[in-house]
Asker: 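The structure follows.
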Amino acid sequence: MAEQREKEPVVQAAARRVASRWINGLGRVTLALLALGTVAVIHLVGLLIFTNGFLLTRLSIPAVSPAYNATNPPPVPPSFEKAVIVIIDALRTDFISPNYPTLKSEYHHGVLSLPTELSEKDPSHSLIFNSYSDPPTTTMQRIKGITTGSLPTFIDAGANFASTAIEEDSLVQQLLAVNKSIAFMGDDTWMGLFPDKFKHAHPYDSFNVEDLHTVDNGVIEHIFPYLAPENRTEWDVLIGHFLGVDHVGHRVGPERETMRQKLKQMDDVLRDVVDKLDDKTLLVVLGDHGMNPKGDHGGDSDLETAAALWMYSKGPALTGPAINDFDWPTYTFPGSTKPIRHVNQIDLVPTLALLLGIPIPYNNIGAPIPEPFSSSLGTLAAASGATAQQIERYVKAYGNREVATNLLRLRRNAADDSLEGAIKHNYAVCATALSSLRALWAQFSVTHIVVGLGVLALGVLASLAMYLGVRNSGPRWDAYVRFALDTALTAGAGVGSVAGTLAGVYTRKPAVALQVFFVAMAVVESVVLAAPLFTGHIRSITWNLGKSVGPLVLLLHCLSFASNSFIMWEDRMVLFLLVTVLVVHMAQSFTAPTASQRLRILLFALVFAVIARLLSLVTVCREEQQPYCQVTFYSQGAGQPNWALAFAFLSAVMFFPRFIATVLDWSKSYAGPAPLFVAVFWRVVIVVNTMYWVLDFCETWDGLNPDRIPLAKMLKQWAARLSLGAVLGALPYLWWGSGLCIRAEKETDQATGEEAVKVYGAGNAWGASYLLWLLVPFALVHLVSPTPGQMVLIGMLTALLMHLELVDTQRDAAVMKRTFTTGQKGMQATFELQGAGEGLIVRPSFSDVVPLALLATLAFFATGHQAVLATIQWKSAFVGFDTVTYPWSPALVVLNTWGPFLLAALAVPLLAIWNVSPRPNDTVPIVGHVLQVCLAFSTYFAAIALASATCAAWLRRHLMVWKVFAPRYMLAGITLLIVDIGLIAAVAVFGLTQQKVKRTFRSVAI
């Protein structure tokens, strides 16, 4: 037979002669871990190199604008001696604008009313603007913008909570250069950006979104003593950064009574600040960004980029007659009917610099707000001209020929030499430079991009080659893997060492040498591992409908990343692809040999499809999906919807543990430790998890007595800590210390009267035990997910169990058809007791893995996430903690965001071991099957990462690159790393499961 003749291909035969002694000494589980680790390192190198070339930071020039002196006087006389700058984090334009939307909100419209009142009373001294905050709308980037006048970059968003000092020229640096003192209080992000720059500093933790008042109370405690007449000599610029409005938005959203109370508090604070101002001090109140309807930010929607700006003066007027000679930009807030004056947020930088008499920071590309310089055309011409000259100087130093050419063309085409013409020309220079530099948001290194894509592509081929090699080698899979890894690791280490050494000698830069070493090593290892694909040593897959649907779906998923529309609607597309696979299973059900198998396949596929459809109903919406998408993950006010709260306890207490017990009972595996583990300990944990989020809801519920809020907060945190203790300690110990999910009973043969011991559950000894362990990380992800996310995770695990039963039934049908075809008799006894050889083993296929990958992606969207920064659920960082606690808080956010992918990766071995009983004489290559499905799962997400990276690189000048393509690549890259880590952990846990099986069946050689 052809299959028998191909049992020992050339690669396997050579393995015993060539493989190094060290790799031959590795156990099979360790060998599988080494294989997955090698593939993971290749993926990591490719992602790092590509990211290094694609997401370079904006070029900042270290030069500093020259100081004013007798030969270089200020272009306009300073109007103010001091300034009070109040940042109310996430203060959206409509929170202070008199032109709020038609559908007025009682919670945030007309509450902070002081700016409107003073503007109506004295419009020449009080100005309200909509200021456009460039995305990403995260606090650190916006602070950089309002102090340097420069643009942010996409990669800066990742550093929002790990601020690094600003080295470029800024308002802070220019103030210090003329011996002006700065006093600061509030968001501690400022301290990371400007360390040791403030004469007085009172920072407070900025990341604790659960805390609505500590930072604000701290600012209030310190700002008013500084405003007292006796303390005004202690500062020239006073900066207060309030965080309460932003935290309320993250916590409960803008449509809640809590927001109204917080804005009322800010209104009271500003009234007291205005009362204490003197005639020589300018008051500037601004939001660093806005917030979307559920209170988050980070993206570029209108609500996130619409930040409020209010300027007020008791002394010099802030507007003059010259302002009426020009048409200035306006903005109509969504839902409003009246426009409001519009500026760019970075325009505040040259405006403050000119008003305070300090040089404009060198890297600024903002234009001066015209109103404060409109007392005469000459003053406005001088202010705008000085800014235009500074921007032209920066553009020349920046060295971009295209931008410089655009500015030169403007100068040549200047309309006239009048003051009006000069003013128009100066603002045209500012606008042209800004639009041109926005188009050059990031620098790209094509070399790094190409090398990174090459490594990623080779990584996909390497994992695919190993998958096929393991699949086709049967029980001798380890010989193939030993030879492949030994050759690849030896060649990769050798070539990488030589290349890295030569690069280090040539460049004398250790960082370059290290980079070359890893790239060369990854390339050589990938080439060696992928070589069998092109040498004929790996047989191709037999193509049919069932086996081809998985690769076809992967191809379609990869091709979709070439379209921004498909990426925007990926949550719907993934559902379509998943249901397509399940429809193919339903169609194939009619080919099963028995009626019961046909019915089981049909029902399992149908239930899986129904669950997938229900999961897709839970979603958050991208801005681009409106008005065709309705948010269901959050209720009005960004809280937890009532349906989730209503069903949370019902599913945790009754349905879900009972369902798992039922599934285990189908294989007689609800025995041994399973009843106690599932029905008692694990049930208590998920009930406590649900209790945490119910208490979280009660904490901000308007119907709760305020005196009970501290009690609800305390109970909530201790519930989370109890769950964390159980998940990280008690449940793993209980799992490892308990036996298998089997039970033994004595039975008497009615014919002979002889007693015999019958073991129930042995047929699923691996799968049932591994499933119990999977419930442990499931409980952890369940804890950090809000109640709708918990319901989605329950649906995800339910669908997973349906898929396991579906795959198992399909394998039984394949074995039965093969038996009928070959005419073998007594199949059941031969198959179960004697092993029957490789002929009756149904190996896993790539198409078995694809539904699990699609299910994980669908669950990612259904747990309230999208490929945009604004959907990150930061409040998960405080599950069990009152403040930001490193490294736990970032880890909890990662679990909340990528939990579905991690759970799917950890569940992959179940595809190979579900309802597969331990057998003697090594007749089932169980470790090989586990490695095979893990490699298939890794290949799927590696291909997704390669496709998204390729499309992002190819379309890097596309209008949507930073809004759509770059975030999707970042999601795909991090997902691939999470998946690789999860697969390595899964194989390690399977090794422990195998030890438990061996410990129980010591007499069986497994």
Side-chain angles (χ1 to χ4, degrees), residues 611 615 618 620 633 640 644 648 651-652 656-657 659-660 678 681-693 696 719-732 735 770-801 852-853 855-865 871-881 887-910 937 941 971 974-975 977-986 989:
I611 292 174
L615 294 184
V618 185
V620 297
F633 190 85
Q640 301 174 64
S651 61
F656 200 38
F659 174 76
I660 293 175
V678 174
F681 293 104
W682 187 74
R683 171 179 273 151
V684 169
V685 170
I686 63 170
V687 168
V688 170
N689 293 351
T690 307
M691 187 69 182
Y692 173 88
W693 290 101
D696 179 80
R721 292 166 187 173
L722 176 64
S723 177
L724 287 172
V727 169
L728 299 178
L731 289 182
W735 176 81
Y770 191 92
L771 176 62
L772 291 191
W773 175 84
L774 183 64
L775 296 179
V776 177
F778 174 89
L780 183 58
V781 179
H782 185 266
L783 170 64
V784 300
S785 302
T787 308
Q790 291 180 337
M791 302 298 295
V792 169
L793 291 172
I794 288 174
M796 176 186 173
L797 189 53
T798 304
L800 166 66
L801 294 174
L852 185 55
L855 176 63
T857 308
L858 179 64
F860 166 81
F861 292 114
T863 50
H865 302 96
T871 61
I872 297 177
Q873 298 167 14
W874 297 113
K875 65 190 307 181
S876 60
F878 302 96
V879 175
F881 301 95
W888 305 111
S889 293
L892 293 174
V893 174
V894 171
L895 275 176
N896 170 274
T897 307
W898 282 276
F901 294 109
L902 179 62
L903 288 177
L906 293 174
V908 166
L910 286 171
F937 199 75
F941 285 100
L971 172 63
I974 297 175
T975 298
L977 297 180
I978 295 291
V979 164
D980 283 339
I981 293 172
L983 293 174
I984 292 172
V989 173

Asker: Tell me every residue that passes side chain to side chain donor-acceptor pair (under 3.5 Å) with Thr975, counting only those two or more places apart in sequence or in another chain.
Answerer: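 Thr975 satisfies side chain to side chain donor-acceptor pair (under 3.5 Å) with Trp898 only.
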Asker: Who pairs with Thr863 by side chain to side chain donor-acceptor pair (under 3.5 Å), at least two apart in sequence or on another chain?
Answerer: His865
Asker: Using the ring pair (Phe, Tyr, Trp, His ring centres under 6.0 Å) criterion, which residues pair with Tyr692? Sequence neighbours excluded.
Answerer: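 In terms of ring pair (Phe, Tyr, Trp, His ring centres under 6.0 Å), with neighbours along the sequence ignored, Tyr692 is linked to no residue.
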Asker: Would you call Thr897 and Leu971 a side-chain contact if the rule is heavy atoms closer than 4.5 Å?
Answerer: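 Thr897 does not reach Leu971 side chain to side chain.
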Asker: Test side-chain contact (heavy atoms from CB on, under 4.5 Å) on Arg683 and Val678; report intermediate values, then the result.
Answerer: CA-CA 6 Å; Arg683 171 179 273 151; Val678 174; over 6 Å; no
Asker: Work out which heavy atom in Pro732 is nearest to a heavy atom in Gly729; give both atom names and the distance.
Answerer: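 What the structure gives for the nearest pair is CD-O, 3.4 Å.
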Asker: Please walk me through it: do Met791 and Val618 pass side-chain contact (heavy atoms from CB on, under 4.5 Å)?
Answerer: CA-CA 9 Å; Met791 302 298 295; Val618 185; over 6 Å; no
Asker: Does Phe861 have any ring pair (Phe, Tyr, Trp, His ring centres under 6.0 Å) partners at least two apart in sequence or in another chain, and if so, which?
Answerer: none
Asker: Could you pull out the closest heavy-atom pair between Ala726 and Val685, with the gap in Å?
Answerer: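 Here Ala726 and Val685 meet closest at CB-CG2, 3.7 Å.
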Asker: Please name all residues satisfying side chain to side chain donor-acceptor pair (under 3.5 Å) with Thr857, sequence neighbours left out, ordered by chain then number.
Answerer: none
Asker: Of the non-hydrogen atoms in Leu615 and Gly795, which two are nearest, and what is the gap between them?
Answerer: CD2-CA, 4.1 Å
Asker: In Å, rounded to the nearest 0.5 Å, how long is the span from CD1 of Ile978 to CZ of Phe941?
Answerer: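 Nearest 0.5 Å value for the CD1-CZ distance: 11.5 Å.
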Asker: Atom CG in Leu892, atom CG in Leu724: separation rounded to 0.5 Å?
Answerer: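 The CG atom of Leu724 is 7.0 Å from CG of Leu892, to the nearest 0.5 Å.
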Asker: If you measure from CG on Leu771 to CG on Leu801, what distance do you get to the nearest 0.5 Å?
Answerer: 6.0 Å
Asker: Please list, chain by chain and in numerical order, all residues satisfying side-chain contact (heavy atoms from CB on, under 4.5 Å) with Ala877, sequence neighbours excluded.
Answerer: Phe207, Ser889, Val893
Asker: Over all heavy atoms of both residues, which pair between Ala859 and Met796 is shortest? Give the atoms and the distance, please.
Answerer: CB-SD, 3.7 Å
Asker: Nearest 0.5 angstrom please: Ile974 CD1 to Phe901 CZ, how far?
Answerer: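 Here the rounded value is 11.0 Å.
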Asker: Under the side chain to side chain donor-acceptor pair (under 3.5 Å) test, which residues partner Trp682, sequence neighbours left out?
Answerer: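 Side chain to side chain donor-acceptor pair (under 3.5 Å) check on Trp682 returns nothing, list empty.
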Asker: How long is the gap from CG on Leu906 to CD1 on Ile981, to the nearest 0.5 Å?
Answerer: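 So the gap between those two atoms works out to 11.0 Å.
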Asker: Main chain of Gly880, side chain of Arg721: is a donor-acceptor contact present, judged purely on distance under 3.5 Å?
Answerer: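 Between the backbone of Gly880 and the side chain of Arg721 there is a qualifying donor-acceptor contact (under 3.5 Å).
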Asker: With side-chain contact (heavy atoms from CB on, under 4.5 Å) as the criterion, how do Val792 and Phe633 come out once you've worked through the C-alpha distance, each side chain's angles and the decisive distance to 0.1 Å?
Answerer: CA-CA 10 Å; Val792 169; Phe633 190 85; 5.5 Å; no
Asker: Is there a side-chain contact between Val727 and Ser723 (heavy atoms, below 4.5 Å)?
Answerer: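 Val727 reaches Ser723 side chain to side chain.
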Asker: For residues 772-786, which side-chain N or O atoms pair as donor and acceptor with protein atoms under 3.5 Å away, sequence neighbours left out?
Answerer:
residue	atom	partner	partner atom	Å
His782	ND1	Asn689	ND2	3.2
Ser785	OG	Val781	O	2.8

Asker: What's the separation between atom CZ in Phe681 and atom CG in Leu731, rounded to the nearest 0.5 Å?
Answerer: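 The CG atom of Leu731 is 8.5 Å from CZ of Phe681, to the nearest 0.5 Å.
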Asker: Taking Gln873 for its side chain and Asn896 for its backbone only, find out whether a donor-acceptor pair lies under 3.5 Å.
Answerer: no
